[in-house]
Amino acid sequence: MKHSLIICSLAFFSFFSCKNQQNNEDIVKKDFDFAASQLAYAMTEVDKALAEDTTAARKMLVSPRTIGPDGKLRLVASHDWCSGFFPGSLWYMYEYTKDKKWEDAARKYTDPLEREKTNGGTHDMGFKVYCSFGNGYRLTNDEAYKNIMLESAYTLITRYKPNAKIIRSWDHGKDKWQCPVIIDNMMNLELLFWAFKESKDSTFYNIAVNHAHTTIKNHFREDYGTYHVIDYDTITGEVLHRNTHQGYAHESTWARGEAWAIYGYTMCYRETKLPEFLEQAKHVANFIFTNANLPEDLIPYWDYNAPEIPNEPRDVSAATVTASALYELSTYDTENAVKYKKWADTILENLSKNYIAKQGGDRGFLLLHSVGSKPSNSEVDVPLSYADYYFLEALLRKQILEQTGKLF
């Protein structure tokens, strides 16, 4: 009798395990099928917007970023920090489908960004180049893409300030800051780690590690909430100011900044295996998921300290970045792996149910309800290209992890 119960129990759990895996596969397929339809529609919307634009700037516009207050598709030039996300989304479609039409589309939107490889006036090289050319090179081994990325990495390290051991973020705001560094900059280190592996030039590795260490030292409060902007004296390395620009207040925690942090330090651990980076990612995860102001559906408000919670806008982009990071983090922190994957699954399920764009509408975006900069009343409660990009990345990571048990 006891033997029979054990067999029945094993059969029961096996059934539900298989059923759960099938449901997970269905979620990924459903959302990628939707994405295929939307991205195809988005490309027609881009063509339409370019045909209607008679300005000289039209020739520089390359990628959709959001929908403007007038309801029109907002396109950006290659120098915009968001220019790499739409081609990156197309590369993810190619990765999922293996259909050459998506490779062709991705190349069409990627190639105009080549001019950015020598643009030393921005720290956003990773966002622009790694999300576009980086995915393209990973999937095609196109040597031209490799060379563009290496030149981009060399351009990026010209912004390194050795006395402060950081990469300068912005050149604007000189009336407020001497050398501002934003938490977002953690995301651009992935390009430098890649360049180190490809070139064997340790300069890339050392700069990336120094920047990550300095950011741990100065960007985080005792509870592991992040400051958005740290201002440095480039001679002494001293911190001059701790501010926010897109969050609610200087001492509040901006939701997307926290998402950049968990993603950035998880990636840094992958590339270095330095334990302090894994610990930092774990601390940030704990901040997010024990925060009293995190909603039940795990889609955060735009700032964890926004004054009108629960009547504040959500930031879907912060949720997608976090979900993608959690899948990777689960492969390193095995003690908490089940918890991380459950959080990530819950985020994706709720996004798919309640934050999805209208099929054949919303100018071809995938997700609604993201926030760019509420203090500036800019891009509040709108679709954003980077929310879509990290949504597709998270879905791919979910599928790969469930099929293979690893990501990298």
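Heavy-atom basis, side chains included; hydrogens, waters and symmetry copies ignored.
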Measure centre to centre between the rings of Y263 and Y390, then say whether the value is under 6.0 Å. yes
May I ask you to establish whether R221 and Y227 are in a cation-pi arrangement, using a distance under 6.0 Å from NZ or CZ to the six-membered ring centre and at most 45° from the ring axis? yes
Lys/Arg cation over aromatic F133: K117, 6.0 Å, 45° cone: no
Does the gap between the ring centers of H213 and F277 come in under 6.0 Å? yes
May I ask you to check whether E116 and S83 show a side-chain donor-acceptor distance below 3.5 Å? no
Strictly under 6.0 Å, is that where the ring centroids of W177 and W170 end up? yes
Can you confirm whether or not the ring centre of Y137 sits under 6.0 Å from the ring centre of Y145? no
Is it true that the side chains of E393 and Y92 contain a donor and an acceptor less than 3.5 Å apart? yes
What about the rings of F127 and F85, do their centers lie closer together than 6.0 Å? yes
Which one of V284, L329, D333 satisfies the side chain to side chain contact (heavy atoms under 4.5 Å, CB included) criterion with T266? L329
Under a plain distance cut-off of 3.5 Å, with no hydrogens placed, do S89 and D388 share a side-chain donor-acceptor pair? no
On a heavy-atom basis, the closest approach of G136 and T140 is O-OG1, 2.7 Å
Is it the case that the side chains of W254 and D303 hold a donor-acceptor pair, with the cut-off being a distance below 3.5 Å and no angle test? no
Modelled atom types, side-chain donor and acceptor of D99 and Y94, under 3.5 Å: no
May I ask you to check whether R74 and T66 show a side-chain donor-acceptor distance below 3.5 Å? no
Would the F196 and Y205 ring centres measure less than 6.0 Å apart? yes
In terms of heavy-atom contacts, does NZ of K406 have more than 12 from other residues, nucleotides or ligands at under 6.0 Å? no
Six-ring centre of Y327, R397 cation under 6.0 angstrom, axis tolerance 45°: no
